[in-house]
Amino acid sequence: MADHVSVETAPPPARPDSVTAWDPAAARLPRRCASEVRAMLVSAPSEWFLFPRAEDRPSWDAVAKRLGPAAEALTEAAQEAAGRPVPHLTSSLWRAFLRTGERLPYENPWYERRDMLADLLVGYCLRPTGQVLDALIDLVWMICEETSWSFPAHEPTEFPDPGDPVVDLFSALTAVGLAETLAVLGDALPGPVADRIRTEADRRVITPYLENDAWRWLYGTADTGVSNWTAVCGLGAAGAACYLEQDADRLARILTKAARSMEDYLGTFDPDGGTSEGVGYWTFGFGSFCQLADLVERRTGGSWNWFETPVVADIARFPLRSRLTSASWVTFSDVDSRTDFPGWLLHDLGSRFREEGLKDLGSGPSATWTWTRTNSAVTTALRSVLSEGRRAEDRPYPPVRRSDWFRGIQWLITRADPDDPDALAAAVKGGRNDELHNQNDLGSLIVRAGGEDLVVDPGAGLYTRDYFNEHRYKQFVNSSRGHSVPRPAGAEQAAGSAHTAGVLAIRQSEEYDEVRYDLTAAYPAETAPKALHRTLRLQRGPEPFIRLTDSFAFGSPRTAETAFTTYAAVEVTPGHVLLRGEQAVLIIELPDRPDVDVQVESEEFAPRFGEPRLARRVVVRTREPLRDCALTFTLRPGSA
């Protein structure tokens, strides 16, 4: 990597973090009108399916042979599912969301039904039995009888109206999952069951998608923003239509509508392929785009290739570039603490873009080949068992670079020694406080040493009603209180498009990486300082260190404060704070000035998955109000 020094200036459009602000053509899909798409569909081969039909025994026998012992485990899982009661989805469970705000009582059995469907389908394809087929048919029928396929969190009415179906993430994924179930089983499904799938998928998802332009996730407008919803709902509706819609004119209209929508979605990524939604929603959103792009390419006989869109190759490499070290990922935004990527997706993208690093990642410990609580369990299951990339042995993690910079979302990820997964590494972000899955976290810092995150970004909290309403920024993980950011006069950052970070300078070199942000606008007008700059520098060498400086300027004297969030034990000594993790230690050298105090605060919070966690905040603030102040910290790995 050559040395790079630049001063960033915001491009003119309203979303300077988006790739379209930097290059309007970068997210543009190959343009086709409906008549052109219709011609492609009519001339495409009739047998375009990705998955072999269950009746194609030579193909499935070959899959079973390649899977080896895993095939036996999958058939046993299907037998077990066939003997297990299907979980109920009751009106009481639906209404519980309105009563308590809790999402999981309804969502858990919803997911279990879809996971069971995938288990039964894969098991039947590998070893067809009447018992498994009967259970599969029963389950398909029960799913078709659900009053709503969506979640109560996305359809917050006491009783959903079956005559007015809502197209959300999960109704859409149900449609494409059932469509692929029908495509694979073919004549093994009784005619009335096949007809029920076609009717329900069209009534609940395909027709509402085609005829309604008012879905808030459909297009990017001045009033609405697109997100992972755009890609997931597009996959569900247009993907199901690829299998089920027999009218070429209608299917062409659906696909051209989906293309416009997907173009808006790709435009949310930054010019280097980064997404402010974080690595988890890369899988959910971009993974859905890839599945639909693959279906469209196959359904049009290879004539319409959405993967040719310029930014797609950069987006595909985001899992490689968003790592702190070779085996750990940045947790900015609503991201879970453990990062898993679908192995089949990484292998497919690695093959398509000739990126061996993605293939290596797809066979490493952070790749998953299971389908519990995934996009569409059926789609994930079929692609996982059929992927040629599925391997029994892990491959080493691909190497990382010295540093990665994402211009639009303003993330710097810097590593003292890219060849050493235990070496000092840091990530820091600028951005905007109206990002997708926004948290008020401009300037947020992550520091890793000894194979452990010691200054942390807590990622995603437990999804509840209040997590996505007006109470969002009262949640610890979403407020600036949950992040390692400065607080002028104790003020927290504010949400909204007016609250942004600017990049004053960025340097990437062999000796060090450094970024300087202007965080002045991150704070409410009534408490905003005259100026607040954050500078982070990672210095390489035999004894690497990080230097962090927060520079405050006030119109009238106020206190200055910087905080570090950690899960580690905290020890405060004269001039230092030690963050003592499970396997590593980070030493924070305090500012060389006598007028600062150190306070350690604790807060327990519920992450999205897993048990509650205890976070500690190391707060360093000046004792007296000042007009100008610089707080400089040096962070070094210590001895465990």
Nearest heavy-atom pair of [X] and [Y]: which atoms, and what distance?
{"X": "T230", "Y": "L218", "value": "CG2-O, 3.7 Å"}
{"X": "A425", "Y": "I546", "value": "O-CD1, 4.4 Å"}
{"X": "V455", "Y": "L445", "value": "CG1-O, 3.6 Å"}
{"X": "L436", "Y": "S333", "value": "O-OG, 3.7 Å"}
{"X": "A491", "Y": "T527", "value": "CB-OG1, 3.6 Å"}
{"X": "C290", "Y": "L349", "value": "SG-CD2, 3.8 Å"}

Suppose we screen for side-chain contact (heavy atoms from CB on, under 4.5 Å). Which residues come up paired with [X], at least two apart in sequence or across chains?
{"X": "R321", "answer": "D272, R401, D404, F406"}
{"X": "E601", "answer": "Q599, R617, V619, R621"}
{"X": "R31", "answer": "R28, E263"}

Next on the checklist: So, using side-chain hydrogen bond (donor to acceptor under 3.5 Å, both in side chains) as the criterion, who are the partners of Y265 when residues are at least two apart?
Outcome noted: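 Y265 satisfies side-chain hydrogen bond (donor to acceptor under 3.5 Å, both in side chains) with no other residue.
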
Checklist entry - Side chains of D441 and Q493: do they bring a donor and an acceptor to under 3.5 Å? => result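 There is no such pair (donor and acceptor under 3.5 Å, judged by atom type) between the side chains of D441 and Q493.
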
Checklist entry - What pairs meet the salt bridge (Lys or Arg N to Asp or Glu O under 4.0 Å) rule with one or both residues in residues 520-534, with sequence neighbours excluded? => result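 Every pair satisfying salt bridge (Lys or Arg N to Asp or Glu O under 4.0 Å) with a residue in residues 520-534: R534-D550.
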
Determine whether [X] and [Y] make a side-chain contact, defined as any pair of heavy atoms from C-beta on separated by less than 4.5 Å.
{"X": "L292", "Y": "W306", "answer": "yes"}
{"X": "R352", "Y": "D294", "answer": "yes"}
{"X": "T275", "Y": "I409", "answer": "no"}
{"X": "T622", "Y": "L631", "answer": "yes"}

Checklist entry - Quick one: ring pair (Phe, Tyr, Trp, His ring centres under 6.0 Å) pairs with a partner in residues 509-529, sequence neighbours left out? => result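 The answer is none; no pair qualifies.
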
Next on the checklist: One pair to check against side chain to side chain donor-acceptor pair (under 3.5 Å): R547 and T634. What are the steps and the verdict?
Outcome noted: CA-CA 5 Å; R547 185 147 293 146; T634 302; 3.2 Å; yes

